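Quick caveat, the model's predicted, so the values are computed rather than measured. What you see below is based on every heavy atom in this structure, not just the backbone, and it leaves out hydrogens, waters and symmetry mates. Just so it is clear: chains get the letters A, B, ... in the order the sequence lines come, proteins before strands, and each one is counted from 1.
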Amino acid sequence: MKKLFLKFMYAAVLCGLGAVTLHAQFPQSPVDPVRSESGSKIYAASCAHCHGDDARGTANAPDLLRSVPVLHDRRQMLYGKELAPLLTTLPGHNFKFGEKELGDLSQFLTASINGILRSGYNSQPTNLLSGDAKAGEAYFNGVGGCSKCHSTTGDFAGLGKRYSPSALQQKFLFPGSGLFVKRKVQVTVKLASGKTYTGDLVRIDDFTVTLREKSDETLSFNRIPGTKVTTVNPFAAHEGLLDKYTDTDIHNLTTYLVTLK
Amino acid sequence: MKLLTASAIALFLSSTALYAQAKPDSASNLAKLTDSWPTYNGDYSGRRYSPLNKVNTTTVKQLSLAWSFRVETTTAGGRRISATPLEVNGVLYFTVPSHVWAVDARTGHKLWQFDWASKGGESIGNRGAAVLGDTVYFETEDCNLVAIDIHTGKEKWHASIGNPDQFYFGSVAPVIVKNHVMVGISGDDFDIPGYIEAHDPETGALQWRWYTHPNPGDPEAKTWPNDEAMLHGGGMTWVAGTYDPELNLYYFGTGNAQPVINGAARPGANLYTSTICALNPDTGKLVWYFQPNPHDTHDWDAVQTPVLIDGIVEGKKRKLLVQASRNGWYFLLDRTNGKALLSTPFAKQNWTLGVDSKGSPIPNPEKMAKPNGALVAPNQAGAANWYPPSFSPATGLFYVPAYDAYSVYYIYDNNKKPEGWAGNDRGGWSRASLRALDYKTGKVRWNHEWPSAGGRSGILTTAGNLLFTGDTTANLVAFNATTGAILWHAGLGSIVSNGPITYELDGLQYVVAAAGDMLYGFVLR
């Protein structure tokens with residue numbers, strides 16, 4: 001139950017961080033973690049025996065997370081008002097919860113429902129270290145070609161201390177996106193006059209290109225005839241591996257990189 | 001007022017024409033999109049092909065901005081116009097969640113605005129309205145079908161189409177088929193079944209509802225482990241369908257199975273999720289089905305527009321249906337019976353073990369989500385998505401916004417009874433292209449890779465041998481539909497947020513595209 005609660009707490013934190021995007025998805029039903037925790041205790045004592053530890057139902061009692069009255073209570077933030085008569089009148093139910101207890105129970109069930117919804121990427125997936133570190137090392141130094149650019153005693157020294165396993169996995173698979181991106185695509189624009197500009201790529205389409213020079217000045221150019229644009233992707237080697245990796249390679253490599261403490 | 005009076009008379013005439021258009025002799029008669037764009041896809045075929053040719057490969061360079069219109073009403077879903085505007089008798093009708101506008105198609109001036117007092121729901125977008133006679137229809141995010149007087153912008157009636165408590169919401173553009181308002185339903189966060197239903201256009205009364213799962217006891221019910229999994233199995237009907245009046249069949253795709261990512265508790269093909277369905281629109285009875293994506297575990301719905309093509313395959317005249325599906329596969333079907341004539345990838349994909357005897361791809365269990373991750377192409381956003389494709393009978397090419405992408409699918413919830421999503425993907429690499437396929441073979445005839453990844457847009461093709469679409473940044477771009485050469489562009493404020501449309505008024509050809517909170521009207525003078 002505690003583990004379950006922590007998971008919901010985590011989801012609540014994520015919701016807080018992602019309020020702008022999630023607001024559109026879930027405009028209602030915010031949860032107070034303190035009240036939800038209190039509700040989880042009421043649930044564990046009075047409901048879990050029949051409806052299961054996680055409220056997903058058992059052979060003897062229905063799934064509360066899919067219950068229409070529970071869902072209505074959640075969406076309209078009724079804090080148990082409509083559940084109250086059911087909790088006293090349904091067969092086998094004879095609970096006389098007060099308003100505060102009803103509200104807490106309602107918040108716990110709301111948190112449970114929110115927790116199973118599409119809530120974006122969970123940054124701490126489990127079991128990422130199920131691979132074979134030795135095989136990962138062989139891949140690093142062999143067919144993966146990682147050691148051609150990286151050194152376990154140089155830029156990768158202490159790598160396992162710097163990043164969580166999930167961040168590491170994300171970094172070697174998709175180094176050009178997400179958090180921790182340090183290098184940009186480099187672009188060179190050569191004008192018909194022969195004048196050349198180089199910098200970090202800011203924006204490009206078929207008609208214009210924008211770059212930031214080392215001086216931090218931002219320049220835009222029309223891609224008119226005579227203008228030559230070339231880009232260099234610092235992560236091209238990583239992207240080339242996407243067609244080649246097996247999932248076993250990925251799991252082995254993750255497990256190995258984490259050992260670089 | 002004078003304008004409204006004139007519009008009222010003309011709309012009456014137009015309504016007669018539109019109703020007549022619902023009963024043509026053949027599907028080919030529908031492709032006469034000249035002075036109107038009366039349905040989500042223009043006509044019933046889903047081709048989004050206009051016979052107009054004043055704007056063509058030679059003249060397109062003179063296409064210039066005539067007007068723009070900004071949506072200023074804030075809603076829970078933001079102000080992005082992800083609708084295809086309809087154009088009927090000189091008036092444009094379009095939506096954002098909870099709001100509908102009528103705008104003069106010549107000037108961009110507002111005629112009326114309808115605001116629905118929503119009781120809440122998910123507001124990820126609204127794909128547009130339908131028009132029949134003097135009524136405009138649209139879905140609200142809190143699950144109502146609303147009928148609006150086309151002259152005054154006032155509500156005539158509304159009817160419930162679902163229960164928002166259960167995470168159903170409305171976003172689909174309704175489609176008028178004879179005396180049926182065909183309504184799809186949305187929702188992807190909970191284990192609820194999808195359905196499609198028809199309402200009476202005059203009263204709003206429910207005519208029938210068809211769920212996207214078999215009835216318990218049907219042979220197809222064996223594609224689920226038990227009735228409970230089946231009745232909580234998903235299959236939303238997110239996108240407006242297409243219609244063949246000759247066969248009297250309404251075609252639409254269904255959404256992915258639920259729970260979405262962890263499919264362990266629902267072994268089997270999970271019909272009718274991720275399936276192309278053909279229904280009799282009068283009875284709501286299923287006539288045939290074809291499943292592009294059995295046992296989905298990647299959030300790959302198969303709602304992408306089923307486009308109707310009359311063509312010759314292996315020397316025989318055929319009534320065909322094609323779909324570039326979210327899972328990266330292109331399907332060519334006989335639309336009289338749903339038999340697959342061709343199943344072939346049109347984008348990068350690594351999740352199959354081949355195809356079965358019916359032409360459905362066979363999912364590779366190794367490429368389903370895992371607690372420690374599985375690298376999968378395409379990603380959750382899909383090789384295709386709801387953005388409308390187009391088919392030009394002039395070039396014989398089928399055009400699709402195609403994404404090649406990888407992401408890693410993780411299971412977060414390995415409970416014996418996963419619910420909701422129970423996992424997700426984490427993306428990171430994608431490449432965006434506009435792809436032209438030979439509809440008979442699925443082979444790529446030309447491919448325009450956009451210089452950067454980003455958003456995508458729907459497509460319009462015309463008899464002027466042009467293709468209009470948005471790029472990944474914020475340009476409306478015109479291509480030579482045969483060669484893929486870029487001929488014209490206009491920089492807009494946002495990414496083109498559905499498919500452009502075209503129509504001719506007073507001898508002038510307009511091209512209209514929505515981008516973010518703006519509608520832009522271009523014209524060739």
Side-chain angles (χ1 to χ4, degrees), chain A residues 7 23-28 52 54 56-57 63 65-66 68-69 71-76 113 115-123 125-131 166 169-170 173-178 201 203-209 223 229 231 235 238-239 242-243 245-247 250-251 254, chain B residues 76-78 119-124 163-167 188-192 232 259-260 299 348 350 366-367 370-375 377 406-408 410-429 448 450-452 471-475 477 486 489 491:
Chain A
K7 185 182 155 198
H23 181 73
Q25 291 282 329
F26 312 118
Q28 297 191 26
D54 54 8
R56 296 182 206 215
D63 184 338
L65 307 185
R66 290 173 174 174
V68 174
L71 290 168
H72 184 63
D73 181 84
R74 170 197 170 274
R75 180 168 173 271
Q76 295 295 322
I113 292 164
I116 72 165
L117 302 177
R118 171 170 42 174
S119 53
Y121 178 74
N122 175 341
S123 68
T126 54
N127 301 320
L128 295 190
L129 306 181
S130 59
S166 62
Q169 194 172 81
Q170 174 78 10
L173 285 170
F174 307 116
S177 71
L201 179 64
R203 185 183 190 279
I204 187 168
D205 59 29
D206 285 297
F207 316 105
T208 57
V209 57
R223 301 182 67 178
V229 178
T231 56
F235 305 119
H238 286 255
E239 292 178 6
L242 290 170
D243 287 332
Y245 286 121
T246 65
D247 290 320
I250 292 168
H251 303 148
T254 307
Chain B
K119 293 189 172 135
E122 297 187 32
S123 313
I124 62 172
N163 182 352
D165 289 336
Q166 292 177 283
F167 295 89
D188 197 33
D189 289 318
F190 216 68
D191 308 332
I192 46 175
H232 289 280
V260 178
D299 188 33
K348 198 181 277 287
N350 73 349
E366 292 303 315
K367 288 299 175 184
K370 300 276 184 293
N372 55 355
L375 182 70
Y406 278 105
S407 69
V408 181
Y410 298 95
I411 285 177
Y412 300 153
D413 182 354
N414 230 352
N415 190 293
K416 277 184 192 164
K417 190 184 173 192
E419 297 184 4
W421 273 60
N424 216 321
D425 80 328
R426 193 183 199 192
W429 178 85
H448 182 79
W450 302 111
S452 64
D471 70 3
T472 55
T473 54
N475 294 291
V477 188
I486 289 177
H489 78 282

(message) Counting heavy-atom pairs closer than 4.5 Å to chain A, which one of B/V408, B/N414, B/N415, B/D188 comes out on top?
(response)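 Greatest number of close heavy-atom pairs with chain A: B/N415.
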(request) Mind ranking B/A377, B/S407, B/G427, B/S452 by heavy-atom pairs under 4.5 Å with chain A and telling me who comes out on top? (result)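 Top count of heavy-atom pairs under 4.5 Å with chain A: B/G427.
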Return the minimal non-hydrogen interatomic distance between [X] and [Y], and the atom names on each side.
X: B/K367; Y: B/N350; result: CG-O, 3.4 Å
X: A/Q76; Y: B/K119; result: NE2-O, 4.5 Å
X: B/P259; Y: B/P418; result: CG-O, 3.0 Å

(request) Just give me the residue among A/L129, A/D206, A/L128 that pairs up with chain B most often, heavy atom to heavy atom, under 4.5 Å. (result)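 Highest number of heavy-atom pairs under 4.5 Å: A/D206.
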(request) Pick whichever of A/I204, A/L242, A/N127, A/T246 has the most heavy-atom pairs under 4.5 Å with chain B. (result)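 Between A/I204, A/L242, A/N127, A/T246, the count favours A/L242.
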Region of [X] that comes under 4.5 Å of a non-hydrogen atom in chain A:
X: B/Y410; result: side chain
X: B/K370; result: neither
X: B/N163; result: side chain
X: B/I486; result: side chain
X: B/V477; result: side chain

(message) For the backbone of B/G373 and the side chain of A/H251, can you confirm whether one donor and one acceptor N or O come within less than 3.5 Å of each other?
(response)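 The answer is yes, because a donor-acceptor pair under 3.5 Å joins these two groups.
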(message) Check whether A/R74 reaches the backbone of A/I113 with its side chain - one donor and one acceptor, N or O, closer than 3.5 Å.
(response)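 The answer is no, because no donor-acceptor pair under 3.5 Å joins these two groups.
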(message) Just by distance, no angles: are the side chains of B/H232 and B/D191 close enough, under 3.5 Å, to form a donor-acceptor pair?
(response)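 The criterion, which ignores hydrogens and geometry beyond distance, is not satisfied for B/D191 and B/H232.
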(message) Check A/D243 with B/K348, please: is the shortest side-chain N to carboxylate O separation under 4.0 Å?
(response)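 A/D243 and B/K348: salt-bridged.
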(message) Salt bridge or not between A/D205 and A/R223? Use side-chain N to carboxylate O under 4.0 Å.
(response)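 No.
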Per-residue contact mode, [X] against chain B (heavy atom under 4.5 angstrom):
X: A/L201; result: neither
X: A/L173; result: side chain
X: A/I250; result: side chain

